[in-house]
Structures are given as C-alpha cells and as structure tokens.
Amino acid sequence: MNPNMKILIVDDFSTMRRIIKNLLRDLGFNNTHEADDGNTAWPMLKSGNFDFLVTDWNMPGMQGIDLLRAVRADPGLANLPVLLVTAEARRDQIVLAAEAGVNGYIVKPFTAQTLKEKLDKIFERLAATA
Amino acid sequence: MDVADRLELARKLVGALERGEQGDADHWLQSLSDQRSSQLLKQVAEVTREVHQAFGGVISDQRLYEISKHAMPDARERLTYVVEKTEESAHRTLTAVEDMLSLTDRLVASADAAGADGANASAFVQEARQCGERLRGGLTEVLMAQEYQDLTGQVIKKTIEIVEQVELKLVSVLIAARPAFSGHEPARPAHGEATGPAIRQAADVMNHQHDVDDLLAELGV
C-alpha cells in the first residue's frame, strides 16, 4: 500500500470523519480529505485523482450507496476502490452494496483492527488482480 | 327494500321474460336496477357521514392540538440539544486525544534520541516530565467531556416520556375514530432503505462484523 495515496472520507458526522482520519493516520496514511455527503464528494472525486474512497451509507443529500453506483458508472472512476463504513447492517443492504460493486463493508461501531484488516484485504486483492 | 321485495321483482322479471313480454321485462329490470342504485347511494351517504364525523372529531380533538402545539416542538428541541451536546463532547475528546497522541510521539522521539546518545538523558527526563503533566491534563479533559452522558441521558429520558404521552393520546384519538385500530407494530423498511443503527435484534440484521464478512464472502466480495 502506498502511504501517500489520496483518500476521501465521506460521512455526515464530523466526529466520525475525524475518528476515521485519525485511524488512517495511525496506519500511516496522511493524505486524507473529507466530504459530508455524496453531493459534496462527487465533484471532489471527479477532479481530485483520489486513490481510495471511504464512505458512510446513510447521509442527507446523496447517500453512500448512490455515490458507489455513480463511481462504478463513471468511466474515469469505475476502478476506484470503495469501502463502506456504516451502521446499516441488514442483509438486503449488504447484498445491494455487493451488487453495486463495493470492495469492503464495515459495520459501525467498528475497531481500528477491523479497519486495518479490511484495508489490507482490499489492497491485497487489487494487487493480485493488477 | 328487503329480500322478499327483491325476490318478488325478480320473479316478475323472469315471468315476463318467459312469456316473451319484452316491454314488461324491461320495466321490471329497470325497477330492480333502480332499487339497487338507491340502496348503494344510501350506503355511500351513510359512510360519508361517518367518515366526516370521525375526521371532524379528530381535527377538533384537544389532545391533537396539545401534541402539535407543545409536545412535538418540546421533544424536537430536546433531541436537538442531545445532538449538539454529544457532538461537542466528541470533538472535545477528540481534540484532547489528538494532542496527547502528538505528545506520545514527542516522548518516543525523545527517548530514542536519549537511547542513541547518553548525553541526552537529562533532556529526556525534562521532556518526559513536561509531557507527563500535559498528558495528565489531556486525560482529565477526556474525563470531564464524559459529562454529556448525564446531561443527555436526563433529556432523552424526558423525551421518551413525551413520546409515550403522545402515543397514548394518538391511540385514544385513533380508537375513537376507528375502533378496529389495534395498536403498534414495528415498521418494515423498504428493500435497501437506510434506517440507521439497528436498535433491536432482528433475523435480517448482521450483529457482528464476521457475519458481514461471511455474507460478503458468499457474494464473492
């Protein structure tokens, strides 16, 4: 994993963004940026050369699942790895996220260890298919 | 018009048809149909009146007035306070933790320097002392930031009482308007609908990250 990779954190709660930002910094990732919903995130993703997207699901404005679908439908962003970090934990929702092409799914409340494991797994898989 | 009257009309209609008296048959058929329409109209009028009375009662009900005038704005205000207070406390804690994390980084760097060069030992002792004092301050700040639990807990308990009262009033109004109303049952979210954290056990909710991981593995993610 490239420690300089550019990461976008999308969550409507500033405290959760701050927690994820701190955990990522602890894992060696300092190049993090924030958005408070899908609508704010989208123009940043379109022009920002991001390497990784961490997003919540339930947000006012554009929800995380719709942001994921928009990313997969965009030729320039289709291959961007996306990790959902969300309190939404119903079976039908996880199936929807998988169908939409999510790379990882973490349910809140979560631990630093879980975040590390999911990041490792996502980038191992990407390296294997590259 | 009762069943016997209708049977009588029907018999007359059948008799006229059997005798081939087309004019009479049309007459009896028209009578039957008129009877039916007026019956239906009467029923519609009756239902309309009942619905009107029920809704009139609901709209002018003092209990609903109290709910919309006082209880709901009060509950909303209290919950807004909870959101603000918890957010403020979380930020207060995060700020203290971020400061302390950088202090521990400084401490570790200073220890490394002292380890590499014995001459730095006294500088390290001084640094450790300063960092220790500031860490103590930071931890006290985290401790104090937890006061939100007491304050918001009281407000949330009060809000639960308000919601209970509102529910009781609404149910009594609904029962008056619609006697068949049979109390509450949990709402079912639409497929994929975002509903926030699951607050009760349910068959379709994944309670642990490893359940989510198993499901994702099944789905090939």
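Small disclaimer: the values here were computed from a predicted structure and weren't measured. By convention in this document, chain letters (A, B, ...) are assigned in the order of the sequence lines, proteins followed by strands, and residues within each chain are numbered from 1.
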Regarding B:Glu98 and A:Arg18, does a basic nitrogen lie under 4.0 Å from an acidic carboxylate oxygen?
yes
Can you tell me which portion of A:Thr114 sits under 4.5 Å from chain B's heavy atoms? Options are side chain, backbone, both or neither.
side chain
Is it the case that more than 12 heavy atoms not belonging to B:Gln126 sit under 6.0 Å from its CD atom?
no
Is there a donor-acceptor pair under 3.5 Å between the side chain of A:Asp92 and the backbone N or O of B:Gly192?
yes
For A:Arg72, I'd like to know if atom CZ has over 12 heavy atoms of other residues, nucleotides or ligands within 6.0 Å.
yes
Please determine, among B:Thr195, B:Leu216, B:Thr86, the option with the most heavy-atom pairs under 4.5 Å with chain A.
B:Thr195
Is atom NZ of A:Lys116 surrounded by more than 12 heavy atoms (other residues, nucleotides or ligands) closer than 6.0 Å?
no
Whether over 12 other heavy atoms sit under 6.0 Å from B:Glu77 CD
no
State, yes or no, whether a side-chain contact exists between A:Arg91 and B:Leu215 at a heavy-atom distance under 4.5 Å.
yes
If you compare all heavy atoms of A:Asn103 against all heavy atoms of B:Val221, which two are closest, and at what distance to 0.1 Å?
O-CG1, 3.7 Å
Between A:Thr111, A:Thr86, A:Asn22, A:Ile19, which has the largest tally of heavy atom pairs under 4.5 Å with chain B?
A:Asn22
For B:Leu94, is it the side chain, the backbone, both or neither that has a heavy atom under 4.5 Å from a heavy atom of chain A?
both
Do you know which of B:Ala202, B:Pro197, B:Ala198, B:Gly196 has the most heavy-atom pairs with chain A at a distance under 4.5 angstrom?
B:Gly196
Should we count CZ of B:Arg136 as having more than 12 external heavy atoms under 6.0 Å?
no
Which atoms of B:Asp213 come close to chain A, meaning under 4.5 Å heavy atom to heavy atom: side chain ones, backbone ones, both, or neither?
side chain
Within the side chain of B:Glu87, is there an N or O that forms a donor-acceptor pair under 3.5 Å with the backbone of A:Thr15?
no
Would you mind checking which part of B:Thr95 comes under 4.5 Å of any heavy atom in chain A, side chain (CB onward), backbone (N, CA, C, O), both or neither?
both
Quick one: does any side-chain atom of B:Gln209 pair with a main-chain N or O of A:Tyr105 as donor and acceptor, under 3.5 Å?
yes
Can a donor-acceptor pair be found, under 3.5 Å and without considering hydrogens, that links the side chain of A:Arg90 to the backbone of B:His191?
no
For A:Phe123, look at atom CZ and say whether over 12 heavy atoms of other residues, nucleotides or ligands are found less than 6.0 Å away.
yes
Mind running side-chain contact (heavy atoms from CB on, under 4.5 Å) on B:Leu219 and A:Glu99 for me, showing each step along the way?
CA-CA 8 Å; B:Leu219 297 165; A:Glu99 285 168 357; over 6 Å; no
Counting only heavy atoms not in B:Met144 (residues, nucleotides, ligands), do more than 12 fall under 6.0 Å from its CE?
no
Side chain, backbone, both or neither: which part of A:Lys121 has an atom under 4.5 Å from a heavy atom of chain B?
side chain
Between A:Leu96 and chain B, which part of the residue has a heavy atom less than 4.5 Å away: side chain, backbone, both or neither?
side chain
Turns out that what part of A:Ser14 lies under 4.5 Å from chain B's heavy atoms comes down to both
